[in-house]
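Please read the structure below before turning to the comments.
Numbers for residues simply follow the sequence, beginning at 1.
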Amino acid sequence: QVQLVESGGGLVQPGESLILSCAASGRTFSAMAWFRQAQGKERECVAAIRWRDNNRYYADSVKGRFTVSRDKGKNTAYLQMNNLKPENTAVYYCAATTGSPISSGLGVASTYDIWGQGTKVTVSS
C-alpha cells in the first residue's frame, strides 16, 4: 500500500542543523511537501518539490536556511534544515499527491492527499 514514513526529527540546539527524510512506498508521487504544525499554531507548508522537474516551493521564513530535495532512485524526499531557531519547533509532516500540481499549488495543503505520521523537531538550548 502507499505510505509515507518520516524520520530524522529530534532535539537540537539553536543554530544547529537537522535532516528530515520522507520515504515513500507503494508508488511514486507527482509532488511531495513538508508541512509543520507548532503547538497552538496553524499548519503551514515549509517546502515542496515537484518530482518530474525539481520545481520547488519555500515558505518565506525558511528561504536560505532550508533545502528540499528528492532522490528518485530511493523514492525519498529530504528537508535539510540549517541554522535552526526555537520558533522552528514543531511536528513536521511529509505529504504527497498523485495529481498534477501547478507551481502555485505546491505550497497549498489541499493539493496533497496522503500524509505521513509526523516527526517532532525541538529546537531548544
Check your understanding: Which distance, rounded to the nearest 0.5 Å, do you find between the SG of Cys94 and the CG of Leu20?
Key -> 9.5 Å
Check your understanding: About how many Å separate NZ of Lys41 and CD of Glu87, when rounded to the nearest 0.5 Å?
Key -> 10.0 Å
Check your understanding: If we ignore angles and hydrogens, is there a donor and acceptor under 3.5 Å between the side chains of Asn88 and Arg65?
Key -> yes
Review point. Between Thr111 and Gly105, is there a donor-acceptor pair closer than 3.5 Å when you use the side chain of the first and the backbone of the second?
Key: yes
Exercise for review: Ignoring hydrogens and angles, state whether a donor on the side chain of Ser17 or Asn82 is under 3.5 Å from an acceptor on the partner side chain.
Suggested key: yes
Exercise for review: Work out which heavy atom in Ala47 is nearest to a heavy atom in Leu79; give both atom names and the distance.
Suggested key: CB-CD1, 4.0 Å
**Study point:** Minimal non-hydrogen separation, Gly107 against Cys45, with atom names
**Key:** O-CB, 3.3 Å
Table please: side-chain donor-acceptor pairs of residues 53-60 below 3.5 Å, with sequence neighbours left out.
unit_1	atom_1	unit_2	atom_2	d
Asp53	OD1	Arg50	NE	3.1
Asp53	OD1	Asn55	N	3.1
Asp53	OD2	Arg50	NE	3.3
Asp53	OD2	Arg50	NH2	2.8
Asn55	OD1	Ser103	OG	3.4
Tyr58	OH	Val68	N	2.9
Asp60	OD1	Lys63	NZ	3.1

Check your understanding: Can you tell me if NZ on Lys72 sees more than 12 non-hydrogen neighbours from other groups inside 6.0 Å?
Key -> yes
Review point. Does any pair with a residue in residues 2-54 pass ring-ring contact (aromatic ring centres under 6.0 Å, His included), and if so which ones, sequence neighbours excluded?
Key: Phe35-Tyr112, Phe35-Trp115
Exercise for review: Could you grab the distance from atom CD of Gln117 to atom CD of Gln3, nearest 0.5 Å is fine?
Suggested key: 8.0 Å
Review point. Looking at Gly118 and Tyr93, what are the two nearest heavy atoms and their distance?
Key: CA-CD2, 3.5 Å
Review point. So, the side chain of Glu6 versus the backbone of Cys22: is there a donor-acceptor pair under 3.5 Å, distance only?
Key: no
Check your understanding: With distance as the sole test, does Ser30 use its side chain to make a donor-acceptor pair with the main-chain N or O of Gly99 at under 3.5 Å?
Key -> yes
**Study point:** Val2/Ile114 under side chain to side chain contact (heavy atoms under 4.5 Å, CB included): CA gap, chis, key distance, verdict
**Key:** CA-CA 8 Å; Val2 295; Ile114 184 167; 3.5 Å; yes
Review point. Nearest heavy-atom pair of Ala31 and Leu106: which atoms, and what distance?
Key: CB-CD2, 3.9 Å
Revision key, fill the gap. Heavy atoms of Lys120 and Val91 approach each other most closely as CD-CG2, 3.7 Å
Review point. Any donor-acceptor pair under 3.5 Å linking the side chain of Thr97 with the backbone of Asp113?
Key: no
Review point. Just by modelled atom types, is the Lys74 backbone N or O under 3.5 Å from a matching donor or acceptor in the Thr76 side chain?
Key: yes
Exercise for review: Apply side chain to side chain contact (heavy atoms under 4.5 Å, CB included) to Glu44 and Arg36, showing your working.
Suggested key: CA-CA 6 Å; Glu44 64 174 343; Arg36 68 186 177 196; 2.8 Å; yes
Exercise for review: To the nearest 0.5 angstrom, please state how far the CZ atom of Arg70 sits from the OG1 atom of Thr28.
Suggested key: 11.5 Å
